[in-house]
Amino acid sequence: NNDGVDVVNNGGFAVTRRLTLTRGELRNNQANNFYMSDSSLIVRYVGGILSYAPVFDKRVSVKYLGDGAIIAGPEIPVDSTVLKDMYVYNSNGLYLSNDVYVNDTLSLSTNINTEVTAQKHILTLTSDINPEFVSINAEIDGRFRRTNIGRYGDTLRFNNYYTYALFTEPNSLDSVSEMTFRVKPQELPPFLKPGEIKVYRFIQIAARDRNMKAINQGLNMTLGFGWRHSPDTLRDETKTLHPKFDKLILQRWTGSEWFDIKSSIPNIDNSNGWAYSCAFNFTDQISATGDFAIGLPGGSKLQLAARVFLEGPYRCGSMATDLRDQGMISTTPPNIYPYSLDPYRQFIHV
């Protein structure tokens, strides 16, 4: 009922299967409380409110339904081991008011927003089960951490269906304990120089090793990323870069400039209004964490379209390769100036 219900006489009852909060407030408190039994479920509709956290048994699940937005409340256990499954199916998204740990299934058909207030919260998934995006348009706006990385060769999905990390080397995950992606839709990267244009989406990636120390290099992964690409100007994040769409790549901020990361040619999911691509370096991997953007190659550097004519040993219509065939010249540029200026020098073989 709209006026709600008071828990009185010390409460003391147990919900063994399901508690449904349809509308109004269930007014419990520390002195007048109740129990949520192991494997029980709290279903909260838009308009239904719980005043105080019940006493949780081992595991409980939470489902959000209804037409509108919901701010998460005391139905979410504070203990990081208690929340089993979380289903976010209400129409206008879930807004977190605390850090949340999901230990099994995370399923969403709408957005989860982790940065509602000045304090930025984090959504953590501790299982090796990928989040289930029931709607392709659902995503996690803010920080999303995964603490069970799984096995190499597994696709680890993060804030939306198109954002993932893929480790393909047998030893690439030996030292990785957790990874956190912070994805901010409809937001420009904060490190833009005058004249620089980027897609309106900012991505941050962090990782920790088994000793919980930050990993800055050596992840050896392929990174998938997606952004809104739509005729709907309110949702579109490509903006003025539409004419140069096929040239967009991933870039990492080095502290002074944007470093280009070799990326595949972007694809478009027209039916859902997404663009997506994947990034890797010359070994088909991306190794560094940090701040990322999607933009045009070269950043703010001058790009020169030039044609170069090279001279060399010419014989019978082609260049002679006698010295290379006899092993008298290196197949990789030497580590001396000016070759040493090329960050990809070690990956070039001729």
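These numbers come from a predicted model, not from an experiment. Both backbone and side-chain heavy atoms feed into the values below; hydrogens, waters and symmetry mates do not.
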K.L.:
Please determine which of Gln204, Arg252, Arg182 meets the side-chain hydrogen bond (donor to acceptor under 3.5 Å, both in side chains) test together with Asp291.
P.N.:
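Output: one option passes, namely Gln204.
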K.L.:
For His121, is there any backbone N or O sitting under 3.5 Å from a side-chain donor or acceptor partner on Asp99?
P.N.:
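No: the side chain of Asp99 does not pair with the backbone of His121.
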K.L.:
So, the side chain of Asn33 versus the backbone of Ala53: is there a donor-acceptor pair under 3.5 Å, distance only?
P.N.:
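Between the backbone of Ala53 and the side chain of Asn33 there is a qualifying donor-acceptor contact (under 3.5 Å).
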K.L.:
Return the minimal non-hydrogen interatomic distance between Arg44 and Ile71, and the atom names on each side.
P.N.:
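That closest heavy-atom pairing would be NH1-O, 2.9 Å.
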K.L.:
From Tyr87 OH over to Thr105 OG1, what is the distance, rounded to the nearest 0.5 angstrom?
P.N.:
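Taking OH in Tyr87 and OG1 in Thr105, the distance rounds to 5.0 Å.
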K.L.:
Side-chain heavy atoms under 4.5 angstrom apart, residues restricted to Ile, Leu, Val, Met, Phe, Trp, Tyr: same cluster for Val88 and Ile49?
P.N.:
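Cluster IDs for Val88 and Ile49 differ.
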K.L.:
Quick one: CZ on Arg228 to CG on Asp269, what's the gap to the nearest 0.5 Å?
P.N.:
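Spacing of CZ (Arg228) from CG (Asp269) equals 10.5 Å.
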K.L.:
Strictly distance-based, threshold 3.5 Å: is any side-chain N or O of Ser40 a donor or acceptor partner for the main-chain N or O of Ser37?
P.N.:
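Yes.
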K.L.:
Please name all residues satisfying ring-ring contact (aromatic ring centres under 6.0 Å, His included) with Phe292, sequence neighbours left out, ordered by chain then number.
P.N.:
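By the ring-ring contact (aromatic ring centres under 6.0 Å, His included) rule, Phe292 matches no residue at all.
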K.L.:
Quick check with a 6.0 Å cut-off and a 45 degree axis cone: is Arg157 positioned over the face of Tyr161's six-membered ring?
P.N.:
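Relative to the ring axis of Tyr161, which defines the angle, Arg157 lies inside both limits.
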K.L.:
Can any side-chain N or O of Asn113 pair as donor or acceptor with the backbone N or O of Val116 at less than 3.5 Å?
P.N.:
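Looks like no, no N/O pair under 3.5 Å.
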K.L.:
By ring-ring contact (aromatic ring centres under 6.0 Å, His included), which residues pair with Tyr200, not counting sequence neighbours?
P.N.:
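If we apply the ring-ring contact (aromatic ring centres under 6.0 Å, His included) test to Tyr200, skipping adjacent residues, there are no hits.
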K.L.:
Does the pair Asn92 and Val46 meet the rule for a side-chain contact (heavy atoms from CB on, under 4.5 Å), with working shown?
P.N.:
CA-CA 10 Å; Asn92 290 0; Val46 175; over 6 Å; no
K.L.:
Rounded to the nearest 0.5 Å, what's the gap from CD on Glu178 to OG1 on Thr147? Could you check?
P.N.:
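Those atoms lie 7.0 Å apart.
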K.L.:
Throw together a table of side-chain donor-acceptor distances under 3.5 angstrom for residues 12-26, partners on residues two or more places apart or in other chains.
P.N.:
from  : atom 1 : to    : atom 2 : distance (Å)
Arg23 : NE     : Asn2  : OD1    : 3.3
Glu25 : OE2    : Ser51 : OG     : 2.4

K.L.:
Ignoring hydrogens and geometry beyond distance, is a side-chain donor-acceptor pair present between Asp67 and Ser91 at under 3.5 Å?
P.N.:
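Note: Asp67 and Ser91 side chains meet the donor-acceptor criterion.
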K.L.:
Okay, side chain of Asn9, backbone of Asn32: is any donor-acceptor separation there less than 3.5 Å?
P.N.:
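Checked: no pair found.
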K.L.:
Between the side chain of Gln251 and the main-chain N/O of Leu296, is any donor-acceptor distance below 3.5 Å?
P.N.:
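A pair under 3.5 Å: yes.
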K.L.:
side-chain contact (heavy atoms from CB on, under 4.5 Å) between Glu237 and Ile294: does it pass, once the steps are laid out?
P.N.:
CA-CA 10 Å; Glu237 295 173 340; Ile294 305 162; over 6 Å; no
K.L.:
Pair Met179, Phe181 - check side-chain contact (heavy atoms from CB on, under 4.5 Å), show working.
P.N.:
CA-CA 7 Å; Met179 292 186 68; Phe181 279 47; 3.6 Å; yes
K.L.:
Do Asn103 and Thr126 pass the side-chain hydrogen bond (donor to acceptor under 3.5 Å, both in side chains) test, and can you show the C-alpha distance, the side-chain angles, and the key distance before you say yes or no?
P.N.:
CA-CA 5 Å; Asn103 293 281; Thr126 68; 2.8 Å; yes
K.L.:
By the definition side-chain contact (heavy atoms from CB on, under 4.5 Å), identify the one residue from Asn130, Leu123, Thr180 that meets it with Arg146.
P.N.:
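By the side-chain contact (heavy atoms from CB on, under 4.5 Å) criterion, Arg146 pairs with just one of Asn130, Leu123, Thr180: Asn130.
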K.L.:
Quick one: pull up OH in Tyr101 and OG1 in Thr81 and give me the separation to the nearest 0.5 Å.
P.N.:
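Atom-to-atom, Tyr101:OH and Thr81:OG1 are 11.0 Å apart.
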K.L.:
Hey, could you give me the CE/SG distance between Met221 and Cys278, rounded to the nearest 0.5 Å?
P.N.:
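That separation rounds to 12.0 Å.
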K.L.:
Can you check whether Tyr52's main-chain N or O pairs, donor with acceptor, with Asn28's side chain at less than 3.5 Å?
P.N.:
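Flag set: sc Asn28 to bb Tyr52 pair under 3.5 Å.
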K.L.:
Any sub-3.5 Å donor-acceptor pair from Thr289's side-chain atoms to Ala206's backbone N or O?
P.N.:
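No; judged by distance alone, with no hydrogens or angles, the pair does not exist.
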K.L.:
Take Ser39 and Lys84 through the side-chain contact (heavy atoms from CB on, under 4.5 Å) test and state the conclusion after the steps.
P.N.:
CA-CA 8 Å; Ser39 301; Lys84 180 178 182 290; 5.7 Å; no
K.L.:
Under 6.0 Å from the CZ atom of Phe191, do we count more than 12 heavy atoms belonging to anything else shown?
P.N.:
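More than 12 within 6.0 Å, yes.
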K.L.:
Counting only N and O atoms by type, is there a donor-acceptor contact under 3.5 Å from the side chain of Asn159 to the main-chain atoms of Ile140?
P.N.:
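Flag set: sc Asn159 to bb Ile140 pair under 3.5 Å.
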K.L.:
Please work out whether the ring planes of Trp227 and Phe225 are parallel, tilted or perpendicular, with thresholds of 30° and 60°.
P.N.:
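Taking Phe225 first and then Trp227, their aromatic rings lie parallel (interplane angle under 30°).
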K.L.:
Just verifying a value: how many Å separate Ser135 OG and Asn111 CG, rounded to the nearest 0.5 Å?
P.N.:
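The CG atom of Asn111 is 9.0 Å from OG of Ser135, to the nearest 0.5 Å.
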K.L.:
Between the side chains of Glu139 and Tyr162, is a donor N or O closer than 3.5 angstrom to an acceptor N or O?
P.N.:
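No, Tyr162 and Glu139 have no side-chain donor paired with an acceptor closer than 3.5 Å.
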K.L.:
Keeping the roles fixed (side chain from Thr114, backbone from Arg143), state whether a donor-acceptor pair exists under 3.5 Å.
P.N.:
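Here the side-chain-to-backbone pair exists.
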K.L.:
Linking I/L/V/M/F/W/Y whenever any side-chain heavy atoms sit under 4.5 Å apart, do Leu248 and Ile197 land together?
P.N.:
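Hydrophobic grouping puts Leu248 with Ile197.
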K.L.:
Let me check something: do Val43 and Tyr89 share a hydrophobic cluster, defined by ILVMFWY side-chain heavy atoms less than 4.5 Å apart, either directly or through other members?
P.N.:
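Same cluster.
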K.L.:
Assigning hydrophobic clusters by single linkage (Ile, Leu, Val, Met, Phe, Trp, Tyr; side-chain heavy-atom cutoff under 4.5 Å), is Leu108 placed with Val134?
P.N.:
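Looking at the clustering, Val134 is in a separate group from Leu108.
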K.L.:
Using the rule that Ile, Leu, Val, Met, Phe, Trp and Tyr join whenever any side-chain heavy atoms are under 4.5 Å apart, tell me whether Phe133 and Leu156 fall into a single cluster.
P.N.:
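The answer is yes; both residues are in one hydrophobic cluster.
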